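Protein chains get the first letters and strands the later ones, always in sequence-line order, with residue 1 at the start of each. Any value given below was found using the heavy atoms of this structure, including those in side chains, with hydrogens, waters and symmetry copies removed. Every value quoted in this text rests on a predicted model; they were computed, and no experiment measured them.
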Amino acid sequence: MPEGHTLHRLARLHQARYAGHPVAVSSPQGRFAAEAALLDGTVLTAAEAYGKHLFHRYDGQGVVHIHLGLYGAFTEFERPEPDPIGQVRMRIVGPTHATDLRGPNRCELLTDDEVEEITDRLGPDPLRADADPEPALRRITSSSSPIAALLMDQKVLAGVGNVYRAEVLFRHNINPMLPGKSVGRERAEQLWRDLVELMADGVERGRIDTVRPEHSPEVTGRAPRQDRHGGEVYVYRRVGNPCLLCGTTVAMRTLQGRKLYWCPQCQY
DNA sequence: GATCTATGTAGAT
DNA sequence: TCTACCTAGATCG
């Protein structure tokens, strides 16, 4: 379930459970076996997220770069950990807990320079305290690409995925196909500030909730979202259902291979 | 049991 | 714009 908030939450968890300790690293599936052997028994010094990328730093041995892609997931255990089930790419066992990594898009051992090459390509991450939104605001307000495409472009903003994109555009009544330069500076700033809040909330809760209290199905009587991702949302994957605000049927189309959801009435 | 889908990205065409 | 890739759970029959 990986948008930026998931990775930041994992980084925080891994930092608390493993950082500062020697850890056992293995690859039950075998596809990370050589790297795991190098790392096994060394100290994991830090866990950090940048956008949708997760980095595990090991004392003197380099940095493990993990990108979950669409399907990747970590499973966390208290020790004693069970035998691995299924395709476990990487297992880390620390003093009190263990974690299994399955199905990542990337799991590789890199040098500091290689890590920097990755982070240099990313736009500002709304979840990082050191983020400077200025480059993102300039990119958005000068581009003729649809705002929906810009929000998902990791070179523009790091960490925003399909759910946050759909939801933040709904919250600001912006049509997803509106060119970035037509969004304007002020609304672009509002989008950034809202993403900072929404995504920080996502890190705390471990799920994406974007519906304002006054718009909740309990208050409005509108049908609640029917989705399995866990949070309360306005439009994401609600195609064919009534908009929580106006009752108009939520629309869906594909943009650059990803599904886009919006309310044709509320977003113009 | 087969098929579909998914909060993603890189690379080919 | 397309395809490939990594995996598991939901859905279909």
Please state the [atom1] separation for the pair [N] and [M] - nearest whole angstrom.
| N | M | atom1 | value |
| --- | --- | --- | --- |
| B:dC4 | C:dT3 | P | 15 Å |
| C:dT11 | B:dT7 | P | 15 Å |
| C:dG13 | B:dT5 | P | 12 Å |
| C:dA8 | B:dA10 | P | 23 Å |

A:R89 and A:E35: CA distance, side-chain angles, deciding distance, salt bridge (charged side-chain N to carboxylate O under 4.0 Å, His left out) verdict | CA-CA 11 Å; A:R89 180 79 58 90; A:E35 297 89 338; over 6 Å; no
Modelled atom types, side-chain donor and acceptor of A:H14 and A:E76, under 3.5 Å = yes
Strictly by modelled atom types, are A:T248 and A:Q265 linked by a side-chain donor-acceptor pair under 3.5 Å?
-> no
Salt-bridge criterion met for A:R12 and A:E204 (N-O under 4.0 Å) =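 Yes, this pair counts.
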Hey, does the side chain of [X] come within less than 4.0 Å of [N]'s phosphate (OP1/OP2), counting only N and O?
| X | N | result |
| --- | --- | --- |
| A:R106 | C:dC6 | no |
| A:Y236 | B:dT7 | yes |
| A:K52 | B:dT7 | no |
| A:H5 | B:dT7 | no |
| A:R258 | B:dT9 | no |
| A:K259 | B:dA6 | yes |

Tell me the interatomic distance from [X], atom [atom1], to [N], atom [atom2], rounded to whole angstroms.
| X | N | atom1 | atom2 | value |
| --- | --- | --- | --- | --- |
| A:I66 | C:dC5 | CD1 | C1' | 18 Å |
| A:L122 | B:dG8 | CG | P | 14 Å |
| A:Y50 | B:dG8 | OH | C1' | 18 Å |
| A:H53 | B:dT7 | NE2 | P | 17 Å |
| A:L70 | C:dT3 | CG | P | 16 Å |
| A:L54 | B:dT9 | CG | C1' | 17 Å |
| A:Y164 | B:dT7 | OH | P | 14 Å |
| A:R165 | B:dA6 | CZ | C1' | 14 Å |

Base, sugar-phosphate, or nothing for A:Q256, non-hydrogen atoms under 4.0 angstrom?
->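 Nothing, no nucleic acid heavy atom in range.
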Scan A:N105 against the nucleic acid and name what it touches under 4.0 Å (heavy atoms): base, sugar-phosphate only, or nothing.
-> base
If we call it a pair only when both distances are under 3.5 Å in a Watson-Crick or G-U wobble match, what pairs with B:dA10?
-> C:dT3
If B:dC4 has a Watson-Crick or G-U wobble mate with both distances under 3.5 Å, name it; if not, just say none.
->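 WC or wobble partner is C:dG9.
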Within 6.0 Å of CD in A:E186, more than 12 heavy atoms from elsewhere = no
Checking contacts here: which listed nucleotide ([options]) is nearest the side-chain heavy atoms of [X]?
| X | options | result |
| --- | --- | --- |
| A:Q29 | B:dG8, C:dA8, C:dC6 | C:dC6 |
| A:I208 | C:dT7, B:dA6, B:dT7 | B:dT7 |
| A:R89 | B:dT7, B:dT9, C:dT7 | C:dT7 |

Are A:R171 and A:Y234 close enough, and set up right, to give a side chain to side chain contact (heavy atoms under 4.5 Å, CB included), and what steps lead you there?
-> CA-CA 8 Å; A:R171 284 166 60 96; A:Y234 285 107; 3.8 Å; yes
